[in-house]
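Step one of this worksheet: look at the structure below.
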Amino acid sequence: MLRNALGKAFRFLGYTVQYGCIAHCAFEYLGGIVVCSGPSMEPTIQNSDIVFSESLSRHFYCIRKGDIVIVKSPNDPKSNICKRVIGLEGDKVCTSNPSDFLKSHSYVPKGHVWLEGDNLRNSTDSRCYGPVPYGLIRGRICLKIVFSTKMNGTIFV
Amino acid sequence: MAQAQGLGRRYIKAFFKGFFVAVPVTVTFLDRVACVARVEGASMQVFLEISFVYQEIKRCLFTDNSKPSLNPGGREASDVVLLNHWSIRNYDVQRGDIVSLVSPRNPEQKIIKRVIALEGDIIKTIGYKKKYVKVPHGHIWVEGDHHGHSFDSNAFGPVSLGLLHARATHILWPPQRWQKLQPMLPPERKPLHREQE
């Protein structure tokens with residue numbers, strides 16, 4: 001009786017570990033579903049939108065200018081931020097605020113990217129904390145899942 | 001004939017079943033718990049000498065330019081260290097720890113350095129553009145032990161905690177250098193002011 005119960009418990013544990021590991025590999029090397037919050041990427045991504053992010057681009061180092069990426073926050077490693085890549089290493093970017101009269105420019109250092117939100121008025125991004133190291137990028141957003149009243153679900157690229 | 005075919009099919013099924021269990025579990029273990037790596041370079045010379053073991057899976061290159069705490073033998077004898085991912089899952093590092101991180105200048109490379117200062121500390125730099133630096137929130141200051149030959153925070157500034165990869169806990173090879181690596185902060189590199197104790 002006890003042996004039966006122990007056997008079942010171990011089998012259950014084994015399956016949990018196995019599926020947990022498969023889930024980790026999928027999220028780390030393929031991609032996953034992410035819920036975005038905050039107004040900094042409007043109108044492209046609204047508050048509480050569901051998006052799909054893929055991790056292959058980051059592992060093969062083919063993130064391009066204009067991609068929307070999920071990045072570990074430089075000031076808080078436990079939280080993620082979602083911004084658009086405006087400049088890659090070596091690019092010239094404008095570092096001043098839109099309201100400034102005199103614009104200042106700088107070059108993105110090697111191994112870093114310059115991120116900005118689409119909603120420039122309401123976004124803390126590289127204009128605030130500077131260029132972000134490439135190693136902090138988690139994934140690239142490729143799809144947004146939209147639910148409309150007419151259809152059950154639509155996927156927009 | 002039919003029996004041989006049945007056996008072959010059973011073997012293939014068993015192989016795939018084993019494959020789909022073993023590969024994810026191994027990869028998750030190497031990513032999240034611990035892995036082994038080889039140190040190359042002179043920046044941690046004397047203390048660490050690391051060897052690559054899972055090079056095929058990760059292509060992870062450590063160029064390490066810290067003090068003579070790693071790689072005293074130089075090119076001929078590289079140290080092998082055990083890298084512990086699990087202990088830094090909450091980004092909980094102490095001053096004096098030897099950690100590996102993704103290089104801020106080259107994301108394909110990993111570097112191994114010693115943590116000198118945590119967020120909020122004020123330290124005196126060696127060869128950095130500012131003489132005194134207060135480490136910003138969410139960042140750490142890392143230095144190699146071999147100051148002349150080290151590509152560390154004195155070159156690229158404070159690094160974000162998100163780039164932390166693992167903590168080096170033991171030297172595994174060569175056997176005469178088996179030891180547990182203790183967090184040791186060189187006394188001349190202590191921060192001038194500590195925010196947290």
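Note that the structure is predicted; figures quoted are calculated from it, not measured.
- Across G20(A), P133(A), C25(A), A23(A), the residue that shares the most heavy-atom pairs under 4.5 angstrom with chain B is C25(A).
- Chain B is approached within less than 4.5 Å, heavy atom to heavy atom, by G111(A), H112(A) from residues 111-119 of chain A, ordered by number.
- Counting heavy atoms from C-beta on, the side chains of W141(B) and T125(B) come closer than 4.5 Å.
- By the 6.0 Å contact criterion, OH on Y107(A) is open, its count of non-hydrogen atoms from other residues, nucleotides or ligands being 12 or less.
- Taking NZ of K134(B) as the start and CD of E119(B) as the end, the distance is 10.0 Å to the nearest 0.5 Å.
- A side-chain donor-acceptor contact under 3.5 Å links D121(B) to the backbone of L118(B).
- At a 4.5 Å heavy-atom cutoff, the contact between P74(A) and chain B is made by backbone and side-chain atoms alike.
- Within the 4.5 angstrom heavy-atom criterion, no atom of F156(B) approaches chain A.
- No donor-acceptor pair under 3.5 Å is formed between the side chain of R114(B) and the backbone N or O of I98(B).
- Within the 3.5 Å criterion, the main-chain N or O of G144(B) finds a donor-acceptor partner in the side chain of S150(B).
- Interface summary for chain A: among P136(B), G138(B), P107(B), the most heavy-atom pairs under 4.5 angstrom belong to P107(B).
- R64(A) places no side-chain N or O within donor-acceptor distance of the main-chain N or O of V85(A), the cut-off being under 3.5 Å.
- Among N106(B), V25(B), V23(B), V159(B), the residue making the largest number of heavy-atom pairs under 4.5 Å with chain A is V25(B).
- For CZ of R10(B), the number of neighbouring non-hydrogen atoms (other residues, nucleotides, ligands) closer than 6.0 Å is 12 at most.
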